[in-house]
Peer 1: 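Have a look at the structure that comes next, please.
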Amino acid sequence: MKPFRLIEGTAPLFEDPLPVGQLNFPEWGRYETAMRGIFERQYYNNNGPLVRELEARLRDFFGVKHALCVGNATFGLMMVADALQLSGRVIMPSFTFIASAQSLAWCGATPVFCDVESGTQQLSPASVAEALRLYPDISAILAVNLWGGICDVHELETIAALHGIPLYFDSAQAFGCAYGGQMVGSFGQAEVFSFHATKVMSAGEGGCVTTNDDELAAKLRGMRPSYDAGDIVEPYRVINSRMSEAQAAIALLNLDDYPLIQARNKALFDAYSQNLAGIPGIRLLHPANVSASNYQYAACTIEPAEFGLTRDQLLRLLEAENVLARRYFYPGTHRSAGFDVNAAADAARLPTTERICDISFQLPLGARLNVSDVEKICALIARAQREAPQISRFMARDGVCE
Ligand code: T4K
């Protein structure tokens, strides 16, 4: 689709593109020192000293018994599903990154997609309870904590306990969040975090599984590499999902920086909150159910009838000014290749997911922005709303957007 300029004849509002996913690079001198240490020790891989230090720091950070660093969150989710020996059907939200569902496919389980709550976009306990009534062979609940917020953990725990099935969390987006003062990382049977380049806590590439369950932790250790695993625990399959020393070095530096990163994110989030507040038809999602958030995401919804433009029309306008806002989870997983066999029936059970896939989007938030940039982005959105009727006509004439 062609971008559409709102500000005619001038350069884009931002000289360089502002992507949604942004990176937190540690200061170069500290990184150089850390890499020098790796060279001096001549130890690159295989559960090295920096990985062990990182795991100890993460155990403290999360307040959890076991933290295992892995190749990325997708591997971590696959490992937990396999170690829990899931079979048959597993409940999960459709409104998530495709990796959540792919992890189930890798271990031979079938996702049963559930709806999310419209106010929070988190997994709906009512929809989970309904799925448990519909399907007798559900073996687990995979809940996903989205947008620096989290699910209704206690309600989901109650449902899982009632049915005697494990509950575990895809917390790829929830690093640093807390629920009722307790850090995310110690809920359910296990939690999985992403340390991808664009995440608030980055190892460049990487992830981590946390659990208070000794037996599960031993199985996961056995699955990760085929050596240095301590006592072998059967049954397991080896996946070789290691974290290297170089990744652990980046993660340790970013962990040191986390309070500063979180504070910067919060200032940017607050600026979005203040400046989007008066714009008809735009709503910024505040992180749900948390007593602390990483404020990594500026997740919004747009009501086209009120705003005057559709989500995709607004994204084209923003793109033309180098604001690369995105519709993140589109389409819902129940409509994505490989998971769409029951798309029509699923869609009927997932009215909120269907709706928010059409109206939700992410604005950039992270290291490349300051508060004045956020004010400029919000002013642009406000102008688009005021001039929506003309913009709509021009876009229709130019064939810019459906
Ligand atoms: N569960 C949930 C709920 C998740 O959100 C994710 C991942 C996972 C599970 C799986 O976690 P991992 O297995 O990845 O650890 C991103 C990330 O790749 C992915 O981690 C994330 N969620 C997903 C929702 O988004 P993309 O395709 O949007 O990001 P990417 O890599 O295209 O980067 C975004 C922007 O950042 C680009 O415009 C370019 C820029 N960029 C990116 C990288 C990597 C850079 O400037 N430099 C870089 O090095 O997927």
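Start at 1 and go down the list; that is how both ligands and their atoms are numbered.
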Peer 1: Can you tell me which residue and heavy atom of the protein come closest to atom 6 (C) of ligand 1, and the distance to 0.1 Å?
Peer 2: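 Sorting protein heavy atoms by distance from atom 6 (C) of ligand 1 puts Phe97 CD2, 3.2 Å first.
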Peer 1: Out of curiosity, is Tyr328 lining ligand 1, as in a heavy atom under 4.0 Å away?
Peer 2: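 A heavy atom of Tyr328 does come that close to ligand 1.
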Peer 1: Where do Val184 and Glu191 land on the side-chain contact (heavy atoms from CB on, under 4.5 Å) test, with the steps shown first?
Peer 2: CA-CA 8 Å; Val184 170; Glu191 297 199 48; 2.9 Å; yes
Peer 1: Give me the residue, atom name and distance of the protein heavy atom closest to atom 9 (C) of ligand 1.
Peer 2: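 Minimum-distance protein heavy atom for atom 9 (C) of ligand 1 reads Asp170 OD2, 3.4 Å.
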Peer 1: Would you say ligand 1 has an N or O under 3.5 Å from any N or O of Val144?
Peer 2: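 No, Val144 has no N/O under 3.5 Å of an N/O on ligand 1.
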Peer 1: For atom 10 (C) of ligand 1, find the nearest protein heavy atom and state the residue, atom name and distance (0.1 Å precision).
Peer 2: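 Answer for atom 10 (C) of ligand 1: Thr74 OG1, 3.6 Å.
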Peer 1: At less than 4.0 angstrom from any non-hydrogen atom of Ala99, what atoms of ligand 1 do you find?
Peer 2: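 Per the distance check, 9 (C), 10 (C).
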Peer 1: Protein non-hydrogen atoms only, distance under 4.0 Å: does atom 30 (P) of ligand 1 have such a neighbour?
Peer 2: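 No, there is no protein heavy atom closer to it than 4.0 Å.
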Peer 1: Between Arg89 and Asp137, does any side-chain N to carboxylate O distance fall below 4.0 Å?
Peer 2: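 So Arg89 pairs with Asp137 through a salt bridge.
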Peer 1: So, for atom 13 (O) of ligand 1, does the protein have a heavy atom nearer than 4.0 Å?
Peer 2: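 Protein heavy atom within 4.0 Å of atom 13 (O) of ligand 1: present.
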Peer 1: Do Phe329 and ligand 1 have an N or O pair less than 3.5 Å apart?
Peer 2: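 It does not: no N or O of Phe329 is found under 3.5 Å from an N or O of ligand 1.
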Peer 1: Does the cation-pi check pass for Arg224 over Phe75, that is, NZ or CZ under 6.0 Å from the six-membered ring centre and within 45° of its axis?
Peer 2: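 Here Arg224 fails the 6.0 Å and 45° test against Phe75.
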Peer 1: Write out the residue and atom name of the closest protein heavy atom to atom 35 (C) of ligand 1, then the distance separating them to 0.1 Å.
Peer 2: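 The protein heavy atom lying closest is Gly21 O, 3.6 Å.
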Peer 1: Which ligand 1 atoms are under 4.0 Å away from a heavy-atom of Pro19?
Peer 2: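 Near Pro19, meaning under 4.0 Å from one of its heavy atoms, ligand 1 has 35 (C), 38 (O).
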Peer 1: For ligand 1, which is the ligand I care about here, please tell me if Ser194 has any N or O atom under 3.5 Å from one of the ligand's N or O atoms.
Peer 2: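 Yes: some nitrogen or oxygen of Ser194 is under 3.5 Å from one in ligand 1.
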Peer 1: Taking atom types as modelled and ignoring hydrogens, do the side chains of Glu205 and Asn72 form a donor-acceptor contact shorter than 3.5 angstrom?
Peer 2: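 Distance-only check passes for Glu205 and Asn72.
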Peer 1: Please determine, by modelled atom types, if Gln121 and Trp147 share a side-chain donor-acceptor pair under 3.5 angstrom.
Peer 2: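 Yes, side-chain donor-acceptor contact under 3.5 Å.
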Peer 1: Hey, can you tell me if Phe187 and His154 have their rings parallel, tilted or perpendicular (30° and 60° cut-offs)?
Peer 2: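 Judged by the thresholds at 30° and 60°, the geometry between Phe187 and His154 is perpendicular.
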Peer 1: Does ligand 1 have an atom under 4.0 Å from some heavy atom of Arg368?
Peer 2: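 Within the 4.0 Å threshold, so yes.
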Peer 1: Using modelled atom types only, decide if a donor and an acceptor are shared between the side chain of Ser103 and the backbone of Thr74 within a distance under 3.5 Å.
Peer 2: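 No, the answer is negative, given that no donor and acceptor are paired below the 3.5 Å cut-off.
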Peer 1: Under 6.0 Å between ring centres, would you say that holds for Tyr328 and Phe97?
Peer 2: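 Here the rings of Phe97 and Tyr328 have centres that are no less than 6.0 Å from each other.
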Peer 1: Can you tell me if Arg326 contacts ligand 1 (heavy atom of the residue under 4.0 Å from the ligand)?
Peer 2: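 Within the 4.0 Å threshold, so yes.
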Peer 1: Between Val192 and ligand 1, which residue portion shows a heavy-atom distance shorter than 4.0 Å: side chain, backbone, both, or neither?
Peer 2: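 No part of Val192 comes within reach of ligand 1.
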Peer 1: Kindly confirm or rule out an N or O of Gln22 lying under 3.5 angstrom from an N or O of ligand 1.
Peer 2: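 No.
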Peer 1: Verify whether one side chain among Arg264 and Asn24 offers a donor that lies under 3.5 Å from an acceptor in the other.
Peer 2: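 A donor-acceptor contact under 3.5 Å links the two side chains.
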Peer 1: In ligand 1, which numbered atoms sit nearer than 4.0 Å to a non-hydrogen atom of Ala172?
Peer 2: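 Going through ligand 1 atom by atom, the ones under 4.0 Å from Ala172 are 1 (N), 2 (C), 4 (C), 6 (C), 8 (C), 9 (C).
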Peer 1: Examine the side chains of Thr198 and His196 and answer whether a donor and an acceptor come within less than 3.5 Å of each other.
Peer 2: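 Checked: Thr198/His196 side chains pair up, N/O donor to acceptor below 3.5 Å.
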Peer 1: Looking at Arg327 and Asp358, is there a salt bridge between them, counting it only when a charged N and a carboxylate O are closer than 4.0 Å?
Peer 2: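 Looking at Arg327 together with Asp358, the answer is no, because their closest N to O distance does not fall below 4.0 Å.
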Peer 1: Among all protein heavy atoms in this structure, tell me which lies nearest to atom 44 (C) of ligand 1, with the distance rounded to 0.1 Å.
Peer 2: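 For this ligand atom, the closest protein heavy atom is Ala197 CB, 3.7 Å.
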Peer 1: Name the closest protein heavy atom to atom 43 (C) of ligand 1, giving the residue it belongs to and the distance to 0.1 Å.
Peer 2: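 Protein heavy atom at minimum distance: Leu23 CD1, 4.2 Å.
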Peer 1: Could you tell me whether some N/O pair between Thr198 and ligand 1 is separated by less than 3.5 angstrom?
Peer 2: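 The answer is no, given that Thr198 and ligand 1 share no N or O pair closer than 3.5 Å.
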Peer 1: Here's one to test your reading of the geometry: is the NZ or CZ of Arg41 within 45 degrees of the ring axis of Tyr43 and under 6.0 Å from its centre?
Peer 2: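 That pair does not qualify as a cation-pi contact.
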Peer 1: Identify the closest protein heavy atom to atom 5 (O) of ligand 1: which residue and atom is it, and at what distance?
Peer 2: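 Minimum-distance protein heavy atom for atom 5 (O) of ligand 1 reads Gln173 NE2, 3.1 Å.
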Peer 1: Going by the order shown, which atoms of ligand 1 are within less than 4.0 Å of some heavy atom of Thr96?
Peer 2: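 Under 4.0 Å from Thr96, ligand 1 has these atoms: 3 (C).
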Peer 1: Do His334 and Asp340 get their side chains close enough for a donor-acceptor pair, meaning under 3.5 Å?
Peer 2: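 Side chains of His334 and Asp340: no pair found under 3.5 Å.
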Peer 1: Look at atom 22 (N) of ligand 1 and say which protein heavy atom is nearest, naming residue and atom and giving the distance to 0.1 Å.
Peer 2: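 Looking at atom 22 (N) of ligand 1, the protein heavy atom closest to it is Lys199 NZ, 3.0 Å.
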Peer 1: Below 6.0 angstrom between ring centroids: does that apply to Phe193 and Phe62?
Peer 2: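 Here the rings of Phe62 and Phe193 have centres that are less than 6.0 Å from each other.
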